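One structure is given below, encoded as structure tokens.
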Amino acid sequence: MTTVTKPNLATDKLLTDLHVKYIQNLGENKDDLMYHLTAHLRLNAIYWGLTALCVLGRPDALNREEMIEFVMSCWDEEAGGFGAHPDHDAHIHPTLSAIQILIMQNALDRMDVDRVVKFIVSLQQPSGVFAGDRWGETDTRFLYCAVNGLSLLGRLDEMNKDKAVEYIQRCRNYDGGFGSSVGAESHAAQVFVCVAALTILDRLDVVDVDTLGWWLSERQLPNGGLNGRPEKLEDVCYSFWVLSALSILNKVPWIDAEMLSSFILSAQDPEGGGIADRPGDMVDVFHTLFGVAGLSILGYPGLVDLDPVYCMPATFIGARGLRKGWQALSRRQA
Amino acid sequence: MHGIKRARLTEEEREARRRRELSKIDEFTKLSDATLARKKERDWSRDAFDLTTLLLQINPEFYTIWNYRRLILLNGLFVNVPAELVKDILLDELGMTMSALKAHPKVYWIWNHRRWCLEQIPYGPGQESESHYAGWKQTAWDRELTVAEKMLDVDARNFHAWGYRRYVLDSMPNPRPESNELIYTARKIEANFSNFSAWHQRSKALASLWTQGKLDESKSREDEFELLRNAMYTDPNDQSVWIYHRWLVGTESSREILEREIVAIQELLDEQPDSKWCLESISYYKRLLLNKYTSEVDVNVLSEEIRSLLDRLETLDPARQRRYQDLRKRKRVGTDLQQKNW
């Protein structure tokens with residue numbers, strides 16, 4: 001494939017309009033094989049896209065009715081949860097996406113909340129962790145999905161909170177971080193899910209703030225990007241996993257915000273919009289959200305505040321009385 | 001899209017790609033629709049099973065199809081067949097997921113399906129009273145350890161493979177002695193000191209062996225310090241080594257060990273005066289010393305030494321300068337060390 005050389009397009013500023021257009025066009029890519037091969041992530045992708053649009057200040061850029069209809073078409077009547085796509089099986093991750101999307105669209109009344117709560121609660125295991133679905137894969141990611149979803153629905157008391165905290169405690173490592181299961185290596189994404197779940201459960205006392213703050217701050221590499229584990233490569237999505245945990249611990253200043261901002265901006269596609277894992281790579285909606293989310297926490301001018309605990313616009317979380325004591329950097333003026 | 005380079009296409013190239021993809025899209029959506037339709041009809045036939053094979057070869061992330069495949073096995077292919085045949089089908093499944101894993105080593109659903117298959121392997125051959133009754137299970141689980149290790153030969157940091165390996169070790173019918181982990185992790189570490197996944201696993205294995213009294217803790221700690229000494233000198237900028245060192249020293253170390261390690265790292269620092277990790281580690285162990293042995297040390301001298309280390313770190317590592325400043329500003333510089341002991 002030949003590469004068409006274009007003049008060097010600047011990526012030192014956030015290309016908001018291009019990103020909005022990129023997200024709007026995602027549903028129009030039906031000629032693209034990748035669109036079809038990612039059907040198993042469709043509901044998650046809509047959550048990523050909508051949240052990114054909200055943070056970019058363009059919450060109405062996608063058709064509300066169509067979106068709500070699509071969410072409801074993913075309902076799995078047999079299991080009582082949401083799949084990622086019509087006719088796909090219910091799973092806790094797309095179920096959380098459905099809850100989040102409906103809240104952002106003020107349409108939670110469309111959902112059978114009691115059944116969804118029942119589905120989520122049924123996935124808690126005797127150890128306290130949650131399975132993703134009836135097939136039993138367990139992971140602290142699913143524990144977070146459960147805690148986040150139940151909290152948004154105001155039904156946190158229906159799960160066994162003490163057992164969940166106990167399980168997270170068992171996943172804690174001496175470096176202050178957390179793994180996906182007991183005995184697993186600390187990983188920034190798992191640190192996010194565990195710390196955010198503990199925050200929602202009001203049990204941040206479990207976290208060794210100084211040790212974890214140290215480990216998280218050491219994720220920043222000389223090029224400004226963040227990695228997810230020691231001696232690994234940087235990736236834009238860790239901007240959010242690491243930053244969200246740092247903001248919950250009130251330690252965002254422990255990394256260099258300017259260097260990280262530049263790194264995220266350099267991973268933008270200045271022609272088609274969207275953000276990639278690192279500069280020069282193909283963009284996708286996942287990295288677009290987590291890039292924009294990172295920039296919001298870093299106080300990038302013009303962006304809307306993101307709640308790092310729930311990874312949703314802060315206003316929705318505040319309105320439900322769920323705001324915890326996290327601290328992002330102050331929003332800078334353009 | 002992790003790690004896929006962005007290509008700028010001309011209009012013609014884009015059109016050519018679109019045409020090429022069109023037939024693939026058509027094939028995929030037809031297959032996908034047909035398979036999901038059969039799932040709705042609760043079709044547990046061999047035909048339906050073969051459709052899932054085709055579909056998963058194209059898209060191993062299609063979790064609903066893995067779920068359907070397991071339902072076909074449970075409700076169709078396993079029904080009224082002898083245990084030996086169930087075992088053979090499951091071994092075929094393991095073979096099929098092996099080729100999927102080689103192409104997609106980080107797809108959660110493939111690893112999950114593998115676990116499920118392993119757990120389904122029936123008892124046999126023979127009767128409960130016979131000695132080889134768990135033979136099929138044992139053979140399968142033993143082989144899984146090799147599979148996980150082969151995946152780690154390809155990518156020594158693959159956390160799916162490490163997690164799977166831990167799962168196999170914890171669940172296999174004839175468990176390996178935990179001391180084997182010391183040999184395995186030593187091999188991985190020697191191949192590459194930066195492999196923090198291996199250091200991590202080693203810390204877990206050692207802690208467990210010490211707790212169970214299967215290993216002389218103080219002697220084995222000294223062996224680990226020796227191993228670290230080599231690693232530190234090989235690459236003083238490697239985080240893995242320093243993080244492991246911090247674990248090894250722990251929070252309960254004697255004053256002697258703390259002081260000895262400070263001296264040892266200081267020697268390396270003298271050779272590499274700009275080594276951030278030497279400075280960071282010395283300042284940490286001095287804070288630990290100050291915090292833990294307050295009445296035995298000269299608080300003023302030690303505090304001043306810590307402050308000066310933090311000053312140097314601030315200059316040397318400006319990205320994290322606020323952390324060093326925060327530590328320096330504390331009323332007593334040792335008071336950040338409330339690390340719980342676990």
Side-chain angles (χ1 to χ4, degrees), chain A residues 1-6 30-33 36-41 83-84 87-89 91 133 135 137 172-176 180-181 183-187 208 210-211 213-215 217-218 220 222 224 229-232 235 251 253-256 259 269 271 276-278 280-284 287, chain B residues 1-10 13 18 21-22 24-25 28-29 32 36 39-40 58-59 61-64 66-68 70 108 112 115-116 157 159 162-163 166-167 170 194-197 200-201 203-204 238-240 243 246-247 250 318-320 322-323 326 336-340 342:
Chain A
M1 258 178 244
T2 46
T3 303
V4 183
T5 350
K6 291 261 167 143
K30 290 173 186 148
D31 276 359
D32 189 341
L33 181 60
H36 300 273
L37 292 181
T38 51
H40 64 281
L41 288 172
D87 295 330
H88 291 208
D89 290 345
H91 189 278
D133 60 19
W135 294 99
E137 180 195 10
R172 187 179 55 189
N173 293 313
Y174 66 88
D175 51 24
S180 57
S181 59
E185 180 186 353
S186 297
H187 182 295
D208 178 348
D210 277 308
T211 306
W214 159 70
W215 187 86
S217 72
E218 291 297 344
Q220 189 163 37
R229 291 184 283 160
E231 303 298 328
K232 295 276 289 176
D235 183 323
K251 296 280 184 266
W254 281 16
I255 59 158
D256 188 319
M259 272 169 60
D269 177 349
E271 290 193 321
D277 59 345
R278 51 185 83 94
D281 283 357
M282 292 263 283
V283 301
D284 59 69
H287 288 93
Chain B
M1 305 284 172
H2 282 114
I4 301 168
K5 285 280 160 234
R6 188 160 71 225
R8 299 251 168 267
L9 303 182
T10 61
E13 285 168 335
R18 199 183 68 86
E21 288 203 340
L22 228 47
K24 283 191 193 166
I25 291 169
F28 177 74
T29 44
S32 170
L36 289 171
K39 175 172 176 284
K40 267 192 181 165
I58 304 174
N59 187 5
E61 302 241 30
F62 205 155
Y63 69 90
T64 303
W66 286 112
N67 296 348
Y68 180 32
R70 287 189 284 271
Y108 285 97
N112 290 340
R115 285 189 189 209
W116 182 85
R157 297 299 302 277
F159 74 86
W162 279 106
R166 270 188 289 273
Y167 155 78
D170 286 346
S194 299
N195 186 348
F196 183 71
S197 307
H200 165 85
Q201 178 70 1
S203 74
K204 296 284 178 191
D238 194 318
Q239 292 194 6
S240 313
I243 297 175
R246 199 173 281 207
W247 168 75
R320 279 160 283 266
R322 273 293 295 275
R323 175 169 172 261
D326 283 357
D336 61 312
L337 302 165
Q338 266 106 52
Q339 183 165 32
K340 292 126 196 159
W342 58 78

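Side chains are part of it too, since the values below use all heavy atoms of this structure and drop only hydrogens, waters and symmetry mates. Every chain is numbered from 1 and lettered A, B, ... according to where its sequence line falls, protein lines coming before strand lines. Note that the coordinates shown come from a computational prediction; the quantities given were computed from them, not determined experimentally.
Contact check for B:Tyr68 versus A:Asp89: no side-chain heavy atoms found under the 4.5 Å cut-off.
Both the backbone and the side chain of B:Ser240 have a heavy atom closer than 4.5 Å to some heavy atom of chain A. Using a 4.5 Å cut-off between heavy atoms, B:Trp116 contacts chain A through its side chain alone, with no backbone atom that close. B:Asn112 touches chain A through its side chain: at least one heavy atom from C-beta onward sits under 4.5 Å away, while N, CA, C and O do not. Residue contact with chain B, scored on non-hydrogen atoms closer than 4.5 Å, involves the backbone and the side chain of A:Ala84 alike. Contacts of A:Asp269 with chain B are made by both backbone and side-chain atoms, with heavy-atom separations under 4.5 Å. Using a 4.5 Å cut-off between heavy atoms, B:Phe159 touches chain A through backbone and side chain atoms alike. Residue A:Ser181: no heavy atom, backbone or side chain, is found under 4.5 Å from chain B. Contact of A:Asp235 with chain B is made through the side chain alone, with heavy-atom distances under 4.5 Å. Of the atoms belonging to B:Ser203, it is side-chain heavy atoms, and not backbone ones, that fall under 4.5 Å from chain A.
A distance of 5.5 Å separates CG of A:Asp32 from CD of B:Glu21, quoted to the nearest 0.5 Å. Summarising the geometry, atom NE2 belonging to A:His40 is positioned 12.5 Å from atom CH2 belonging to B:Trp66; distances are rounded to the nearest 0.5 Å. Note: B:Ile4 CD1 to A:Met282 CE = 6.0 Å, rounded to the nearest 0.5 Å. Separation of atoms CG (A:Asn173) and NZ (B:Lys204) is listed at 4.0 Å; rounding is to 0.5 Å. Atom NE2 of A:His36 sits about 6.5 Å away from atom OG1 of B:Thr29, to the nearest 0.5 Å. Here the straight-line distance linking atom CD of B:Gln201 with atom CD of A:Glu185 works out to 9.5 Å at 0.5 Å rounding.
Annotation: maximal heavy-atom pairing with chain A below 4.5 Å, among B:Tyr108, B:Tyr167, B:Phe62, occurs at B:Tyr108. When each of B:Arg18, B:Gln239, B:Arg157 is scored by its heavy-atom pairs under 4.5 Å with chain A, the top score falls to B:Arg157. Your options are A:Arg229, A:Arg278, A:Glu218, and the one with the most heavy-atom pairs under 4.5 Å with chain B is A:Glu218.
The shortest heavy-atom contact between B:Asn59 and A:Leu37 is ND2-O, 3.1 Å. Between B:Arg6 and A:Asp281, the shortest heavy-atom distance links the atoms NH1-O, 3.1 Å. Counting all heavy atoms, side chain and backbone alike, B:Ile25 lies closest to A:Asp31 at CD1-O, 3.2 Å. Between A:Asp87 and B:Leu36, the closest heavy-atom pair is O-CD2, 3.7 Å.
Other residues, nucleotides and ligands contribute over 12 non-hydrogen atoms within 6.0 Å of the NZ atom of B:Lys5.
Listed for the B:Arg323 side chain is no donor-acceptor partner under 3.5 Å among the backbone atoms of A:Ser217.
For the pair B:Arg246 and A:Trp214, the distance from NZ or CZ to the six-membered ring centre is under 6.0 Å and the angle to the ring normal is within 45 degrees.
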Item to check | Verdict with supporting geometry, B:Asp326 and A:Lys251, salt bridge (Lys or Arg N to Asp or Glu O under 4.0 Å) | outcome: CA-CA 10 Å; B:Asp326 283 357; A:Lys251 296 280 184 266; 5.4 Å; no
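Between A:His88 and B:Tyr63, the ring-plane angle classifies as perpendicular under the 30° and 60° cut-offs.
Applying the side-chain contact (heavy atoms from CB on, under 4.5 Å) rule to A:Asp256 yields the partners A:Gln220, A:Glu258, A:Met259, B:Ala319; only residues at least two apart in sequence or on another chain are considered.
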